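All ligand and atom numbering here is 1-based and tracks the order in the structure. Here the structure is a predicted model, which means the values were calculated and not measured.
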Amino acid sequence: MNCTLLPTLFIALVAPLGLAAAAPAAEPAKPAKPNIVLIFIDDMGYGDIGPFGNTKYKTPNLDRLASEGMKFTSFYATPVCSMSRACLLTGCYNARVSVPGVYFPGNKNGLHPNEITLAEIVKSQGYATTCIGKWHLGHREPFLPTAQGFDSYFGIPYSNDMTIDPVHARFAKDCVFREGMTEEKARAAAIRNKVPLMRGTEVVEYPADQDTLTKRYTEEALSFIRANREKPFFLYLPHTMVHGPLAASAEFRGKSGGGLLGDAVEEVDWSVGQIMDELRELKLDRETLVIFTSDNGAAAGSSLPWRGKKGSIFEGGVREPCIMHWPGRVPAGTVSNQIAGNIDLLPTFAKLTGAPLPTDRVLDGRDITSLMFTADAPAVRDTQLYYTRGVEVGAIRQGEWKLFLTDPTPPKNPQPKNPASPAAKPQARKPKAAKAEADPTAPASGAVRGPLLYNLAEDPAETTDVAAKHPEIVAKLQALANEHEQEIKTNRRPAGEAENR
Ligand SMILES: [Ca+2]
């Protein structure tokens with residue numbers, strides 16, 4: 001049952017006895033509103049950091065974060081960037097808010113401005129808010145972070161391997177042009193891997209110096225924490241790394257022994273350490289919930305021990321490393337294996353900050369504070385839907401069972417053929433990485449195959465289809481998936497669409 005109903009029930013039961021009118025002396029003090037730091041890495045896989053099994057790179061700050069906090073081992077995102085950010089920001093499956101793929105510089109769509117975001121939830125409770133890093137929920141002005149509840153924004157509007165939008169980019173008067181670029185040249189040629197760095201709604205550097213992004217985001221984050229130390233704050237830090245093209249500052253480049261990926265991972269770890277040091281220095285660490293997670297499975301790195309990588313709805317495409325840290329509240333050195341995911345953060349933040357949840361719309365996420373505050377807490381929700389692209393459910397998990405409704409080996413990075421429509425069919429070509437891990441019996445991509453049933457408790461690497469042995473479970477999960485899918489289609493909300501000009 002939904003725990004948030006309990007206080008209401010309690011009042012309803014005691015009120016007729018007259019106890020509700022008793023002296024308020026015994027009322028417990030409300031805990032202060034916590035600061036929230038949400039560090040969201042791009043394309044970092046489950047097996048890319050020490051706390052989740054990586055032994056190749058040094059991640060001492062994340063190791064410490066995990067040893068002082070709780071690791072979530074069934075924490076879900078989606079296979080690609082924009083879908084995942086839509087889930088995170090709205091508390092809904094991406095299908096419900098019509099963000100079906102990845103936004104490109106040619107897209108005129110974005111997360112609808114009427115969506116109530118994480119930032120708007122906490123802002124209603126007086127929080128200072130900022131977004132520092134990669135946005136990727138629409139780069140046109142009506143969709144930028146400052147239109148979605150963030151007081152300020154510093155970062156890149158979409159992935160770092162994209163281009164500038166030659167028509168709609170708005171350059172600041174004092175924009176720093178690098179590499180011989182001018183506004184005229186920038187608008188004349190959209191060049192891959194040369195993306196704009198923005199502040200607010202304007203481009204302040206072009207092309208962005210990607211080597212120093214992690215460092216500059218971190219400095220910006222520390223300034224924000226210092227400036228808002230006296231009031232509750234929400235720092236959303238969606239790093240550009242470790243999405244390709246990989247980059248690292250001079251202090252980290254070539255130092256990890258694990259190539260640029262290792263360097264970038266170690267610089268992200270350093271960034272986490274800087275933030276934790278600052279919180280401790282300001283004596284804010286016990287008043288701050290820090291969450292570290294990623295937006296999809298590994299691209300260049302490792303999603304081990306799971307099968308599949310970015311773009312896949314095998315666990316390796318969507319199950320993310322996740323650490324929650326809040327000394328005195330989240331028990332140290334613990335693990336939660338219950339199903340949770342980035343859709344749960346909005347209702348969870350609402351609970352923690354005392355914000356009312358919107359009542360005019362359906363949310364998919366649930367308040368998971370019970371998981372965070374108690375080791376071995378029972379499940380909050382037992383079901384997870386997996387979307388590959390578009391708004392069709394590709395798989396469903398309930399408890400230990402996972403049923404694929406369609407071919408689980410789609411292309412690695414679903415991309416629209418027509419950039420104006422992110423719902424367009426993905427490329428038919430299979431990338432090498434996905435092919436290497438694909439089931440050799442799989443038909444050509446796009447063909448409907450299934451249902452396939454896996455038992456994640458006995459077969460976490462999803463190697464053995466047991467659908468034929470358990471027709472009753474197949475039927476039950478199929479019905480459940482249909483029910484969810486129909487409900488979401490019925491209550492789906494539109495994406496935002498900017499005017500063409
Ligand atoms: Ca990503």
**Message:** Using a cut-off of 3.0 Å, how many protein N, O or S atoms sit around the Ca ion (ligand 1)?
**Reply:**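 Considering protein N, O and S only, the Ca ion (ligand 1) has 6 within range.
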**Prompt:** Does the Asn160 side chain pair with the main chain of Pro245, one donor and one acceptor, at a distance under 3.5 Å?
**Reply:** yes
**Message:** One pair to check against side chain to side chain donor-acceptor pair (under 3.5 Å): Thr463 and Arg307. What are the steps and the verdict?
**Reply:** CA-CA 8 Å; Thr463 60; Arg307 177 176 178 179; over 6 Å; no
**Request:** May I ask you to check whether Tyr46 and Phe52 place their ring centers less than 6.0 Å from one another?
**Result:** yes
**Asked** With ring centroids as reference points, do Tyr454 and Phe404 lie under 6.0 angstrom apart?
**Response**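 Between Tyr454 and Phe404, the centre distance is under 6.0 Å.
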**CG on Leu385 to OH on Tyr93, rounded to 0.5 Å** = 4.0 Å
**Asked** So, Asn337 and Ser74: side-chain donor and acceptor under 3.5 Å apart, yes or no?
**Response** no
